[in-house]
There are 2 protein chains.
Amino acid sequence: MSQKKKQEQLIEQIGLGIEGNLHLSPLAARIYALIILSSEEGLTFEEIRAIILSSKSSTSVNINVLLQLDYILFYTKPGDRKRYFKLAKYSSLVLLEAYLDGTDMEMEMVEKINDYNRNYFPEKFTNEESVGQIFESYLEEKKQLVERTISKMKEFRESEKKH
Amino acid sequence: MSQKKKQEQLIEQIGLGIEGNLHLSPLAARIYALIILSSEEGLTFEEIRAIILSSKSSTSVNINVLLQLDYILFYTKPGDRKRYFKLAKYSSLVLLEAYLDGTDMEMEMVEKINDYNRNYFPEKFTNEESVGQIFESYLEEKKQLVERTISKMKEFRESEKKH
DNA sequence: TTAGTAGTTCGATAGTTTACGAACTAATCG
DNA sequence: CGATTAGTTCGTAAACTATCGAACTACTAA
């Protein structure tokens, strides 16, 4: 298959995956997918438009959403007004940090639910109540895993700076 | 604070949390939240309606969505036509199983992206390329954690059946 | 200082989602 | 049977989202 065809196909697939998971608009998700599948050089506004076939306005809005979220970044070349958009090197760190917030919220919620139920429906907590316990330790481990991964990435980033 | 007020507040909060995370409609999310905050006895259709203040039609549709997903179940009492809706005991298992599917998709996607990029932009993979590696081992560990938790819950369910 | 390039802002509109009410079905009871 | 209860189906209205084109700003280069 040609690169172009393969790229189109992957943009479609990855776009759909991203859209649901990351709560981005379909267009933002496709632009993000395209940038993930691009060279270190980056792509210009018009290059993106030519591949995705989107209007200037929507492209502008959605690129800015991705910039705002730190999923992508841009640089410029001297004597060239165009912006070159590329994947933020630590975009996966940004993602994990957002995910950690979600995990914290999830844990808070479970705690509130347990408080409420323990208070008003103590019968729910009579015996060992193990399904809930298994789930809670799962949440705890997941949080620790995410935190550990974030630390590793930050360490790596620091070690890079020193060179 | 009165139970009623506290319940209302939590339905609102949990509902919002669930809505985004689980891709349920606002009403489905609230009904789910209410059922999470209810006794083992369960609630009837009309009891749910009275608390959530929703129409018969929407309530029907959204309860059926939750039933379909195995988040809730109902039982009936002899000589009583009403259905009593309550939380499915292993609803967290159902959730984790869905989450595992999501994790698998995520990993497949990363693989596809890597294949594509390795093919067309080998420069992205010159040095040790550690951010990607850290992220991939995070995904692997997450998957294992979820699988381990699912197994634990299933074991627990089996051990319960024997009694 | 004007022409062109790069990108933004602002309505308008098409499409989707969410919930509703009214009319319906299906089961039970007197 | 006829009335009542429990819940479903269907068409529609309201709200929201995603994208667009046209008009605009801002910067650059001749």
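Per chain, numbering begins at 1; letters A, B, ... match sequence-line order.
Looking at the side chain of S25(B), the nearest of the listed nucleotides dT4(D), dA19(C), dA6(C) is dA19(C). You'll find that the side chain of F45(A) is closest to dT8(C), out of dA18(D), dT8(C), dG21(D). The side chain of S60(A) sits closest to dT8(C) out of dC20(D), dT8(C), dT9(D). Here the side chain of L27(A) is nearest to one of dC20(C), dT18(C), dT19(D), namely dT19(D). Counting only heavy atoms from C-beta on, P26(A) has its side chain closest to dA18(D) among dT18(C), dA18(D), dC20(D).
Residue order along DNA chain C, read from the 5' end via each residue's closest nucleotide, puts K82(A) first among K82(A) and S57(A). Projected onto DNA chain D by closest heavy-atom contact, D80(A) and V61(A) fall at different nucleotides, the more 5' of which corresponds to V61(A).
Ring geometry for Y99(A) against Y138(B) counts as perpendicular: the plane angle is over 60°, on a 0 to 90° scale with 30° as the lower cut.
Remark: C1' of dA6(C) and OH of Y84(A) are 12 Å apart, rounded to the nearest angstrom. To the nearest angstrom, P of dA22(D) lies 12 Å from NZ of K56(A). In this entry the distance linking CG of N64(B) with P of dT25(C) reads 18 Å, nearest Å. One interatomic measurement links the two molecules: CD1 of I52(A) to P of dA18(D), which rounds to 16 Å at whole-angstrom precision. If you take CD1 of I31(B) and P of dT18(C), they are 13 Å apart, rounded to a whole angstrom. L24(B) places its CG atom 15 Å from the C1' atom of dA19(C), with the value rounded to the nearest Å. Rounded to whole Å, atom C1' of dA6(C) lies 16 Å from atom OH of Y75(A). Protein atom NE2 of H23(A) is 12 Å distant from nucleotide atom P of dA18(D), rounded to whole Å.
For R148(B) and E141(B), the salt-bridge test fails: no basic side-chain N is under 4.0 Å from an acidic carboxylate O. Ion pair E41(B)/K77(B) flagged as a salt bridge, since at least one NZ, NE, NH1 or NH2 atom sits closer than 4.0 Å to an Asp/Glu carboxylate oxygen. Between K143(B) and E106(B) there is no salt bridge, since none of the side-chain N atoms of the basic residue sits less than 4.0 Å from a carboxylate O of the acidic one. Between E40(B) and K124(A) there is no salt bridge, since none of the side-chain N atoms of the basic residue sits less than 4.0 Å from a carboxylate O of the acidic one.
A donor-acceptor contact under 3.5 Å is formed by the side chain of R81(B) with the base of dT5(D).
Screening K56(A), K82(A), R83(A) for a side chain to side chain contact (heavy atoms under 4.5 Å, CB included) involving F45(A) leaves a single residue, K56(A).
Side-chain nitrogen and oxygen atoms of S55(B) include at least one within less than 4.0 Å of the OP1 or OP2 phosphate oxygen of dC20(C). Residue R83(B) places at least one side-chain N or O closer than 4.0 Å to OP1 or OP2 of dT8(D).
Defining each end axis of the helix from dT1(C)-dA30(D) to dG30(C)-dC1(D) as the rotation carrying four pairs' C1' atoms onto the next four, with five pairs an end, the two axes are found to diverge by 10° to 10 degrees.
Between the side chain of E47(A) and the main chain of T44(A), a donor-acceptor pair closer than 3.5 Å is present. Looking only at distances, a side-chain donor or acceptor of R49(B) sits under 3.5 Å from a matching main-chain atom of S54(B).
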